[in-house]
Amino acid sequence: MAVCFLTSAFNNGFTPAFEQALKKYLPQVDAGNLVFIASDFDDPHGNIGWAERIRSQFGEIGILFSELRIIDHTVSPLQAEGYIRDAQVIWLSGGDTLRQIVSFEEYHLREQLMGFDGIIIGMSAGSINMADRVVLARNIYDNAPEMAIYQGLGLVGINIEPHLDPVNAEHLDDILEASVHAPIYGLFDDSFILDDGKNTVIYGPYCLYNLQNSAVSVR
């Protein structure tokens, strides 16, 4: 079973809390292969830039990878399966959440990632799609014109809302509407969740929206 990190964004590099949690599971030198799974499989040039940026952020905290491999439409589903089999760390990119899950399904990533026993890190859309049953709040700014409920990757049993902005009252209403169907953890940037298959720990401030139980909590 994979160790899963659900993140929102790290706008100034990995935080000390994320570095400390990550290094419990990764050596500081020669961490093996990093696989970057894109959000937009049809943007190979952009994917290279984002993947190298992530690799550089690992390097800034002393975690070095022997090889960086990118999964998008430049490789076949069979090649992608080999990449995942040889990986130590898999990064699920941020981007268009609904477009991403279509590509994940095209490459049968649910089956492959559920059998992976390394580290999987999701960012933003990648974190959302890690859930078994995704409840995606309406977000007119993120190509989600209405609430959606669908099967995700099955890696964790929780739903998140990344880049939480409590000032955006309109989108907060969207989150509350979605939370009728499942609890949703609103993550601020730099906050993250660690799920090791036994325990789930939240690092940093967050809001839990759960109108199933008529509750909203801020922590």
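- Ring centroids of F188 and Y206 are separated by 6.0 Å or more, keeping the two rings apart.
- Here CG of N47 is found 6.5 Å from CD1 of I70. Values are rounded to the nearest 0.5 Å.
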For a salt bridge (charged side-chain N to carboxylate O under 4.0 Å, His left out) check, start with the C-alpha distance between D132 and R110, then their side-chain angles and the critical distance, and finish with the verdict.
CA-CA 9 Å; D132 183 34; R110 178 182 171 95; 2.9 Å; yes
For a side-chain contact (heavy atoms from CB on, under 4.5 Å) check, start with the C-alpha distance between N159 and V134, then their side-chain angles and the critical distance, and finish with the verdict.
CA-CA 6 Å; N159 283 272; V134 177; 4.1 Å; yes
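- Crowding of E146 atom CD: a count of heavy atoms from other residues, nucleotides or ligands under 6.0 Å not exceeding 12.
- Looking at heavy atoms from C-beta onward, L208 lies in side-chain contact with P183 at the 4.5 angstrom threshold.
- Taking every heavy atom of both residues into account, G154 and M114 meet most closely at O-CE, 4.0 Å.
- Open room surrounds CD on Q20; 12 or fewer heavy atoms of other groups in view lie less than 6.0 Å from it.
- With rounding to the nearest 0.5 angstrom, the CG atom of L109 is 7.0 Å from the CG atom of L153.
- Between H171 and N139 there is a side-chain heavy-atom pair separated by less than 4.5 Å.
- The distance between the ring centers of Y185 and Y209 does not fall below 6.0 angstrom.
- When side chains are defined from C-beta on, S93 does not count as touching M123, because their heavy atoms never get closer than 4.5 Å.
- For the pair F104 and L92, the minimum side-chain heavy-atom distance is below 4.5 Å.
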CA sep, side-chain torsions, deciding dist, call: D142, R99, salt bridge (charged side-chain N to carboxylate O under 4.0 Å, His left out):
CA-CA 10 Å; D142 192 32; R99 185 171 184 174; over 6 Å; no
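- Atoms NE2 and CG, from H163 and L187 in turn, are 9.5 Å apart once rounded to the nearest 0.5 Å.
- Two residues are said to be in side-chain contact when any heavy atoms from C-beta on lie closer than 4.5 Å; F5 and I120 fail this criterion.
- In this structure a side-chain-to-backbone donor-acceptor pair under 3.5 Å is missing from S66 to N33.
- Between V156 and T200, every side-chain heavy-atom pair lies at or beyond the 4.5 Å cut-off.
- No hydrogens or angles considered: a donor-acceptor pair under 3.5 Å links the side chains of N129 and Q100.
- Nearest heavy atom pair, residue G95 against residue S39, reads CA-OG, 3.4 Å.
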Carefully, step by step, assess Q57 and E52 under the rule side-chain contact (heavy atoms from CB on, under 4.5 Å).
CA-CA 9 Å; Q57 289 182 324; E52 289 292 354; over 6 Å; no
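- Looking at heavy atoms from C-beta onward, E67 lies out of side-chain contact with L34 at the 4.5 angstrom threshold.
- Take Y150 and apply the ring-ring contact (aromatic ring centres under 6.0 Å, His included) test, not counting sequence neighbours, and it matches no residue.
- V201 and I119 fall within the same hydrophobic cluster, where Ile, Leu, Val, Met, Phe, Trp and Tyr residues are linked whenever their side-chain heavy atoms come under 4.5 Å apart, directly or through other members.
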If you apply the rule side-chain hydrogen bond (donor to acceptor under 3.5 Å, both in side chains), what do you find for S8 with D189, and how did you get there?
CA-CA 5 Å; S8 177; D189 288 349; 2.6 Å; yes
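- Taking CG of L98 as the reference point, atom CD1 of I128 lies at 9.0 Å (rounded to 0.5 Å).
- Of the listed residues (F36, F58, W91), just one forms a ring pair (Phe, Tyr, Trp, His ring centres under 6.0 Å) with F65, and that residue is F58.
- Closest approach of V75 and I71 over heavy atoms only: CG2-CA, 4.1 Å.
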Would you please test E19 and I63 for side-chain contact (heavy atoms from CB on, under 4.5 Å) and show each step?
CA-CA 10 Å; E19 176 182 355; I63 296 175; over 6 Å; no
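- No side-chain donor-acceptor contact under 3.5 Å links N210 and S179.
- Between the side chain of S124 and the backbone N or O of G94, no donor-acceptor pair lies under 3.5 Å.
- No donor-acceptor pair under 3.5 Å is formed between the side chain of D117 and the backbone N or O of M1.
- Aromatic ring centres of Y203 and F18: separated by at least 6.0 Å.
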Start with the C-alpha distance between D72 and D42, add both sets of side-chain angles, then the distance that settles side-chain contact (heavy atoms from CB on, under 4.5 Å), and finish with yes or no.
CA-CA 7 Å; D72 57 19; D42 291 321; over 6 Å; no
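- Of all the heavy atoms in M130 and C4, the pair that sits closest is CE-CB, 3.6 Å.
- Residue L78 is found outside any hydrophobic cluster, as its side-chain heavy atoms come under 4.5 Å of no other Ile, Leu, Val, Met, Phe, Trp or Tyr.
- Of the inter-residue distances, the one linking I101 atom CD1 with E106 atom CD reads 12.0 Å to the nearest 0.5 angstrom.
- Judged purely by atom type and a 3.5 angstrom limit, E105 has no side-chain atom pairing as donor or acceptor with the backbone of V102.
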Step by step, would you call D86 with R69 a salt bridge (charged side-chain N to carboxylate O under 4.0 Å, His left out)?
CA-CA 10 Å; D86 295 337; R69 295 171 173 173; 3.7 Å; yes
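- The two atoms that bring L164 and G186 nearest to each other are CD2-O, 3.7 Å, heavy atoms only.
- For the pair D165/L172, no side-chain contact is recorded, criterion being any heavy-atom separation below 4.5 Å from C-beta on.
- Within the model, atoms CG of N168 and CD1 of I175 stand 8.0 Å from one another, a figure rounded to the nearest 0.5 Å.
- The shortest heavy-atom contact between Y107 and H73 is OH-CD2, 3.4 Å.
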